[in-house]
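Below, chains carry the letters A, B, ... as their sequence lines are ordered, and counting in each starts from 1.
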There are 2 protein chains.
Amino acid sequence: MIELRHFRYFLAVAEQLHFGRAAEQLHMAQPPLSTQIRQLEEMLGAPLFIRSKRKVELTEAGRVFREEAETVLEAVARATHRARQASQGVLGRLRLGFASSAPFGIFPTLLRRYRQAYPNVVLELFELGSAEQLLALQERRLDLGFVRLPASATNIRVETIDREAIIIALPENHPKADHPELHLEDFKNDPFIIFPRHEGPGLYDRLINLCGQAGFNPRIVQEVGQMHAIVGLVGAGLGVSLVPENMQTVHARGVRYRYLQNQPYIDMALAYRDELLTPLQQAFVSISKGSGVQENFSPLQ
Amino acid sequence: MIELRHFRYFLAVAEQLHFGRAAEQLHMAQPPLSTQIRQLEEMLGAPLFIRSKRKVELTEAGRVFREEAETVLEAVARATHRARQASQGVLGRLRLGFASSAPFGIFPTLLRRYRQAYPNVVLELFELGSAEQLLALQERRLDLGFVRLPASATNIRVETIDREAIIIALPENHPKADHPELHLEDFKNDPFIIFPRHEGPGLYDRLINLCGQAGFNPRIVQEVGQMHAIVGLVGAGLGVSLVPENMQTVHARGVRYRYLQNQPYIDMALAYRDELLTPLQQAFVSISKGSGVQENFSPLQ
DNA sequence: CTCTATCATACGTCGGGAGTATTATAACAA
DNA sequence: TTGTTATAATACTCCCGACGTATGATAGAG
């Protein structure tokens with residue numbers, strides 16, 4: 001059976017055109033080298049060298065084989081290199097799930113940062129509800145998930161990586177627009193605009209819950225899918241809306257964003273199987289936790 | 001040291017995800033397979049499989065390595081295949097020398113035929129005088145040469161492959177143009193057009209020699225490099241010229257081609273080192289000699 | 001013709017790859 | 001839980017073959 005040894009030996013001889021020197025270069029004696037080359041020729045069924053007792057030269061088959069042999073050894077080197085890289089988490093594929101509200105938070109920042117650090121990792125992104133993500137993680141169809149809390153499942157670890165304040169978006173001519181201190185219950189009679197529950201049950205339930213804690217059931221007058229559309233409708237005066245604070249970056253005409261007293265918030269968490277992390281996961285997790293991400297968090301409490 | 005064995009074993013396990021079945025497929029026992037895979041992982045410095053006693057799965061590094069391993073084995077297969085091909089003369093490089101008058105004879109036909117039969121051989125063509133070709137053959141800078149006879153050198157075999165009649169090209173209003181039988185001496189007083197000697201000393205000397213045998217020294221009025229140009233000048237009435245019969249295919253205005261009595265001729269020969277032929281040479285030589293080439297020869301005597 | 005360079009051959013040694021037997025452990029059934 | 005089965009790892013032995021040493025064969029140089 002042909003082995004890499006044969007390729008290595010052949011290349012040395014082809015380079016030196018001298019069995020003795022080639023053997024020296026290979027740190028071995030000359031006879032076994034001759035034997036191996038002969039063996040190689042036999043296996044190929046083709047002579048590679050013309051040995052004329054006094055000098056060695058390549059046959060045409062030898063010249064052809066030389067080129068191919070080089071590509072073989074290069075392929076081997078690349079294989080080992082890339083396997084090592086992959087084991088260090090700088091090469092491979094990472095399947096990420098994310099809740100539909102993630103793109104407005106820290107998620108895109110993390111993605112950018114990760115891509116910069118590990119440009120050779122192919123990221124596969126899946127927009128999934130939190131429950132779906134947990135299931136996919138359990139079934140190993142996903143490597144990491146960005147879920148809204150609360151969320152939990154067996155064998156799944158959930159780690160908060162971001163806490164966003166929930167703020168209220170209201171028309172700028174709203175009577176409370178300039179009121180110094182705002183409480184959620186101040187809006188119990190206002191019409192609310194919100195996205196359909198199935199588009200982000202985590203955030204949706206949290207918002208409804210907050211209203212419940214404030215002692216009222218929000219009067220929902222519109223359900224709109226796009227977050228951008230929601231603030232547009234707020235600007236048009238159709239109602240108020242609770243949004244993550246990152247939505248402030250969306251400057252819509254006629255919209256005021258105001259923080260609320262007692263700071264309601266919503267958590268974003270990273271979820272993954274509760275076992276030894278792969279290097280790829282490990283790298284993403286540490287990027288998510290380290291290197292100044294925390295500093296970008298909104299003020300807690 | 002990593003060997004092809006490791007790649008073969010790895011791929012079997014990666015395919016089966018089962019050491020027992022993989023071992024079976026490889027016609028070996030399971031324990032040494034485990035050993036070899038472990039060895040491979042150690043050499044790579046990267047785990048390739050996650051073995052959980054009950055099932056085996058690829059790590060990310062394993063997935064990456066799998067792709068690379070396949071290309072390695074493909075490269076090996078290609079290397080052996082191409083080396084075999086080369087040893088059979090269907091792959092490689094052939095350096096051909098040819099006399100400058102060769103392109104008007106059988107040479108292009110042979111080239112076409114050879115290329116058709118061996119499309120993967122790269123032909124390198126060198127226009128060289130016969131003497132230069134013989135030297136280049138001795139120094140192995142050439143594999144085969146197309147030379148004009150007579151030509152000889154030590155260690156060089158010369159084999160006639162084509163005999164072309166030498167015919168006379170004369171202006172169609174020449175007094176002898178329609179004469180039934182023509183002899184070379186009939187033109188001893190005509191002005192002759194010929195190419196410069198350095199462009200084809202073999203043919204040149206042969207032509208001068210023929211005139212000498214016919215009892216005269218040709219009066220050369222023009223030396224023109226291109227064969228096409230020569231027949232053009234003949235058509236313009238500037239003189240007559242001796243040309244290989246294949247020049248008849250060049251139909252120039254006002255030119256008549258006539259065979260001569262006692263058929264002077266010029267030989268084209270294939271030259272090569274007088275030693276064991278490489279498969280590439282062998283193939284070209286047998287194409288040159290066989291398969292109906294002889295039938296295209298001009299009538300001898 | 002002798003000397004030298006160089007590749008091939010002969011042969012013994014030994015490492016390591018492969019086999020057999022067994023163990024360890026996880027999944028599953030009762 | 002316990003027993004059974006499936007599966008990979010471990011322990012150990014064996015033996016092939018790759019390697020080294022010594023030598024031979026031969027061609028080219030002087």
Side-chain angles (χ1 to χ4, degrees), chain A residues 1-44 46-59 61-62 69 138-140 154-155 273-276, chain B residues 1-44 46-59 61-62 69 138-140 154-155 273-276:
Chain A
M1 190 105 290
I2 215 167
E3 287 295 343
L4 285 183
R5 163 170 34 92
H6 296 113
F7 288 87
R8 289 189 271 257
Y9 292 179
F10 167 79
L11 281 180
V13 178
E15 187 188 320
Q16 301 284 346
L17 292 179
H18 190 297
F19 280 77
R21 279 198 297 278
E24 196 176 347
Q25 176 185 322
L26 292 165
H27 305 295
M28 67 188 291
Q30 167 261 317
L33 177 57
S34 292
T35 313
Q36 291 295 313
I37 295 291
R38 175 168 304 277
Q39 207 176 81
L40 172 62
E41 291 177 317
E42 210 161 287
M43 286 185 294
L44 290 177
L48 298 171
F49 295 103
I50 301 168
R51 304 126 159 107
S52 44
K53 279 293 185 208
R54 196 65 185 178
K55 76 163 171 285
V56 175
E57 54 184 327
L58 283 166
T59 62
Q138 286 178 319
E139 294 174 356
R140 295 179 195 278
T154 51
N155 299 326
R273 283 183 65 90
D274 191 11
E275 57 191 19
L276 202 61
Chain B
M1 191 102 291
I2 213 168
E3 288 294 344
L4 285 182
R5 164 170 32 93
H6 296 113
F7 289 86
R8 289 190 270 258
Y9 292 178
F10 167 78
L11 281 179
V13 178
E15 186 188 320
Q16 300 285 345
L17 292 179
H18 190 295
F19 280 76
R21 278 198 299 278
E24 195 175 350
Q25 175 185 321
L26 293 166
H27 305 295
M28 67 188 290
Q30 167 262 318
L33 177 58
S34 292
T35 313
Q36 292 294 314
I37 296 290
R38 175 167 304 275
Q39 207 177 81
L40 172 62
E41 291 177 317
E42 212 160 284
M43 287 185 294
L44 290 177
L48 298 171
F49 295 102
I50 301 168
R51 305 129 161 104
S52 42
K53 280 292 188 213
R54 196 63 184 178
K55 75 162 170 290
V56 174
E57 53 185 326
L58 283 166
T59 62
Q138 286 178 319
E139 292 174 358
R140 295 179 195 278
T154 50
N155 299 327
R273 283 183 66 90
D274 189 12
E275 58 190 20
L276 202 63

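- In terms of the side chain to side chain donor-acceptor pair (under 3.5 Å) criterion, residue partners of Q30(A) (sequence neighbours excluded) are, by chain and number, S34(A).
- Atom P of nucleotide dG19(C) and atom CD of Q36(B) are separated by 11 Å, given to the nearest angstrom.
- Counting heavy atoms from C-beta outward, R5(A) and M1(B) have side chains that stay 4.5 Å or more apart.
- Side chains of F49(B) and T59(B) form no contact here, defined as non-hydrogen atoms less than 4.5 Å apart.
- Nucleotide dA18(D) holds its P atom 10 Å from the CZ atom of R5(B), rounded to whole Å.
- Side chains of L40(A) and F7(A) form no contact here, defined as non-hydrogen atoms less than 4.5 Å apart.
- L26(B) has its CG atom 14 Å from the C1' atom of dG17(C), to the nearest Å.
- Within 4.0 Å of F49(B), counting heavy atoms only, lies no atom of the nucleic acid at all.
- Atom CG of L4(B) and atom C1' of dG17(C) are 16 Å apart (whole Å).
- Among the heavy atoms of the strands, none lies under 4.0 Å from E3(A).
- Spacing between atom CE of M28(A) and atom C1' of dG17(D) amounts to 12 Å, rounded to whole angstrom units.
- Rounded to an integer number of Å, the gap from CE of M1(A) to C1' of dA18(D) is 17 Å.
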Close N/O contacts between protein and nucleotides 7-11 of chain D (under 3.5 Å):
unit_1, atom_1, unit_2, atom_2, d
dT7(D), OP1, H18(B), NE2, 3.3
dT7(D), O5', H18(B), NE2, 3.3
dA8(D), OP1, F19(B), N, 3.1
dA8(D), OP2, F19(B), N, 3.4
dA8(D), OP2, G20(B), N, 3.2
dA9(D), OP1, R38(B), NH2, 3.3
dA9(D), OP1, R51(B), NE, 2.5
dA9(D), OP2, S34(B), OG, 2.8
dA9(D), N7, Q30(B), NE2, 3.0
dA9(D), N6, Q30(B), OE1, 3.4

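- Put simply, CD on E57(A) is 15 Å from P on dT6(C), counting in whole angstrom units.
- For the pair L33(A) CG and dT21(D) P, the interatomic distance rounds to 15 Å; values are reported in whole Å.
- Under the 4.5 Å side-chain criterion, counting only non-hydrogen atoms from C-beta, I37(A) is in contact with R51(A).
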Pairs under 3.5 angstrom only: tabulate donor-acceptor contacts from the side chains of residues 9-17 of chain B to other protein residues two or more places apart or in another chain.
unit_1, atom_1, unit_2, atom_2, d
Q16(B), OE1, R21(B), NE, 3.4
Q16(B), NE2, Q25(B), OE1, 2.6

